[in-house]
Amino acid sequence: MSDAPRYRFAPSPTGYFHVGGARTALYNWALALRTGGTFVLRIEDTDESRNSPEWTDGIIDALAWLGIDSGHPRFEGPYFQSHYAGAHVAAAMRLFEAGLAYWCDLTPEQVQERAKASGRPGYDGHSRDRGLEQAPGRVLRFRVPEGTTEVADLVRGRVEFANDTIEDFVLLRGNGTPIFLLANVVDDIEMRITHVVRAEEHLPNTPKQQMLWRALGHAPPAWAHVPVLVNEQRKKLSKRRDKVALEQYRADGILAPTMVNYLMTLGWAPGGDEEIVPWTRIVEEFRLEDVNHSPAFFDEKKLLAFNGDHIRMMTGAEFAAACAPWLESAPWSGGRIDAGLLARLVPLIQTRVARLSEVASMVDFFFLPSAPVDDDAWTKTMSSEFARDVLVEMESALGSCRWTLEEIKACLERFTEARGLKLGKTQAPVRVAITGRTVGPPLFDSIEILGRDESIRRLATAVARLG
RNA sequence: GCUCCCAUCGUCUAGUGGCCUAGGACACCACCCUCUCAAGGUGGCGGCACGGGUUCGAAUCCCGUUGGGAGUGCCA
């Protein structure tokens, strides 16, 4: 099986995990799974400013959350690019010895000056034939050959680049360290990568990398450049102005299956008319050839809608378990959340939340010692002429009725009919007295679960407050 | 500026020359259901950027225009 495809995901550790990176990782993972190939994780940590062990843990953790488990047999790595610096330099030296690269003593400023003077952008090949030897401060540049470079891209087809539009790019810095372009290629060759699936922003690098593959004596891999994710302004998602951290969505209570499902529908769609689909189906159907060519807007609204769908697809037990972490950190939580109580609450709220972070504020009145009364809700509902009456009436009716959902509801219905009102109107003050809010889970279920004594107590408290 | 990429409802997409009077989803609107809010159901609004070709026939192929985007570092 030495010809099984080898995909790779090569993020640089930056302290947070970008949703765009998540999508790229997912694409690679789906492909590796379907083709019986391997998913190689390589941390591109060669820039000192992007080098911190916690960042790497964050990447592994984020991938695991998405279902890309580092313990899975198809998963290989993580490898660290910084560990292979020796190989990168050695490859560069081989290129120099073969005459495919040369030393140059121009500083970046000098290169820029020359470009400005000549009116042609980029490095002009000044040292191409000067026969310079290696020396501190000198950079090694690749000697770009004449002709054209044709990149065969699985998503976009053939893309041609005239080599004379590509400058002799740097391989080794003045301090002797390799730059990304080289390191990336050397590692890919070393790790026997057969498919490079990455974001479109790398497409302009590709001819350079392909030349490097050839110069190093290898046939280039299959390339695939997937469109970038953009914001509402159609700009590439960036940390500075957009919400791009996967961890943030996770902390908001977006489910992992939701994120996976949603990310996969950006630039691609499963067959048929449904787009809420399980990962297993994505693995079966995903093809690079079917990936769209244009950038996709990362729409948080739609993400939320997907999340609501996924929440509703869970069993009650699954949903309760998923809610638990959000309840444990809730403000009232000194003690533990009662599992039995939670199980009764779950069906009331599962259709009412789009993300797990909303759960706490939806059930807080069950756990708090008294209703967390919202001032606006109070003034809005308690000003009606029947507000006081309905509270008093309910206080006494609930004291003697049988404690069933139907009977509790009947108590309010009797009052409502006697006054010729609508249940929708009369329930409002009662709801605020019991739950503190005008919206929330079904009132009568809530009262039943809360219990007779506590319900009556809250009604009495409200009556007292009304004066 | 230069290089490259892209172009179907507001958004994400289906569509690969006739099945398209362009399908679905999100959002939005209306109605139904209903103890609030949701969820659910029904219906509605809304699109092939433009101009030329090619073809019996074009959203689909070609060219151009316009409009977006990405890259343009001794960052990755």
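Per chain, numbering begins at 1; letters A, B, ... match sequence-line order.
Across all strands shown, B:G64 forms a Watson-Crick or G-U wobble pair with B:C50, both key distances being under 3.5 Å. In this entry B:C26 has B:G10 as its Watson-Crick or G-U wobble partner, both defining distances falling under 3.5 Å. Here B:U16 sits opposite no nucleotide as a Watson-Crick or G-U wobble pair (both hydrogen-bonding atom distances under 3.5 Å). Across all strands shown, B:G40 pairs with B:C32; the Watson-Crick or G-U wobble distances both stay below 3.5 Å. The partner of B:G71 is B:C2, judged by Watson-Crick or G-U wobble contacts that both fall below 3.5 Å.
A:N163 has no side-chain polar atom (N or O) that falls below the 4.0 Å cut-off from OP1 or OP2 of B:U3. Between A:K302 and B:U11 there is no side-chain N or O to OP1 or OP2 distance below 4.0 Å. Residue A:T438 places no side-chain N or O under 4.0 Å from the OP1 or OP2 atom of B:U36. For A:N292 and B:C12, the shortest distance from a side-chain N or O to OP1 or OP2 is not below 4.0 Å.
Atom CG of A:L203 and atom C1' of B:C6 are 11 Å apart (whole Å). Taking atom NE2 on A:H18 and atom P on B:A76, their separation rounds to 18 Å, with Å as the unit. The distance between atom CZ of A:R42 and atom P of B:A76, rounded to the nearest whole Å, is 13 Å. If you take NZ of A:K116 and C1' of B:G1, they are 14 Å apart, rounded to a whole angstrom. Here B:C74 presents its P atom at 6 Å from CZ of A:R141, a figure rounded to the nearest Å. Here the C1' atom of nucleotide B:G68 and the CD atom of A:E200 are 11 Å apart, to the nearest Å.
Contact check on A:R419 versus A:D389 returns a salt bridge, with a Lys/Arg side-chain nitrogen under 4.0 Å from an Asp/Glu carboxylate oxygen. A salt bridge between A:D105 and A:R130 is present, with a side-chain N of the basic residue lying under 4.0 Å from a carboxylate O of the acidic one. With salt bridges taken as basic N to acidic carboxylate O contacts below 4.0 Å, one links A:D309 and A:R312. Salt bridge A:E274/A:R281: present, at least one basic N to carboxylate O contact under 4.0 Å.
Mapping A:G424 and A:R138 onto RNA chain B via the closest heavy atom, the residue that lands nearer the 5' end is A:G424. Annotation: of the two residues near RNA chain B, A:K409 and A:R156, the 5′-most nearest-nucleotide partner is A:R156.
Nucleic acid contact class of A:R437 (heavy atoms, under 4.0 Å, all strands): none. Among the heavy atoms of the strands lying under 4.0 Å from A:G267 are primed sugar atoms or P, OP1, OP2 only; no base atom is included. Counting any heavy atom pair closer than 4.0 Å across all strands shown, A:L106 reaches a base atom.
When the C1' atom is compared between B:A70 and B:C45, the two are found 35 Å apart, to the nearest whole Å. B:C56 and B:G47 have their C1' atoms separated by 27 Å, with the value rounded to a whole Å. Atom C1' of B:U21 sits at a distance of 34 Å from the matching atom of B:A39, rounded to the whole Å. A distance of about 30 Å separates the P atoms of B:G15 and B:G53, rounded to the whole Å. B:G68 and B:C26 are spaced 23 Å apart, taking the C1' atom of each and rounding to whole Å. Comparing B:G10 with B:G52, their P atoms are spaced 23 Å from each other, to the whole Å.
Using modelled atom types, no side-chain atom of A:D124 and backbone atom of A:A115 make a donor-acceptor pair closer than 3.5 Å.
Counting distance only, with no hydrogens placed and no angle test, the side-chain atoms of A:T351 and the base atoms of B:A38 include a donor-acceptor pair under 3.5 Å. Applying the 3.5 Å distance criterion, the base of B:C35 shares a donor-acceptor pair with the side chain of A:R431.
Within 6.0 Å of atom CD in A:E232, 12 or fewer heavy atoms from other residues, nucleotides or ligands are found, so the atom counts as exposed in its surroundings.
Ring planes of A:W223 and A:H225: parallel class, angle under 30° (limits at 30 and 60°).
Pairing each heavy atom of A:M394 with each of A:I408, the nearest pair is CE-O, 4.2 Å.
A cation-pi contact, defined as under 6.0 Å to the ring centre and within 45° of the axis, is absent between A:R42 and A:F9. In this structure, A:K208 forms no cation-pi arrangement with A:F142, as its terminal cationic atom is not both closer than 6.0 Å to the ring centre and no more than 45° off the ring axis.
Sorted by residue number, the members of residues 225-237 of chain A with any non-hydrogen atom under 4.0 Å from RNA chain B read A:R234, A:K235, A:K236. Near RNA chain B, defined here as any heavy-atom distance below 4.0 Å, there are no residues from residues 372-394 of chain A.
When the nucleotides B:A76, B:A39, B:G1 are ranked by their closest atom to the side chain of A:T46, B:A76 comes out on top.
If you look at A:Y27 and A:F286, their ring centroids are closer than 6.0 Å.
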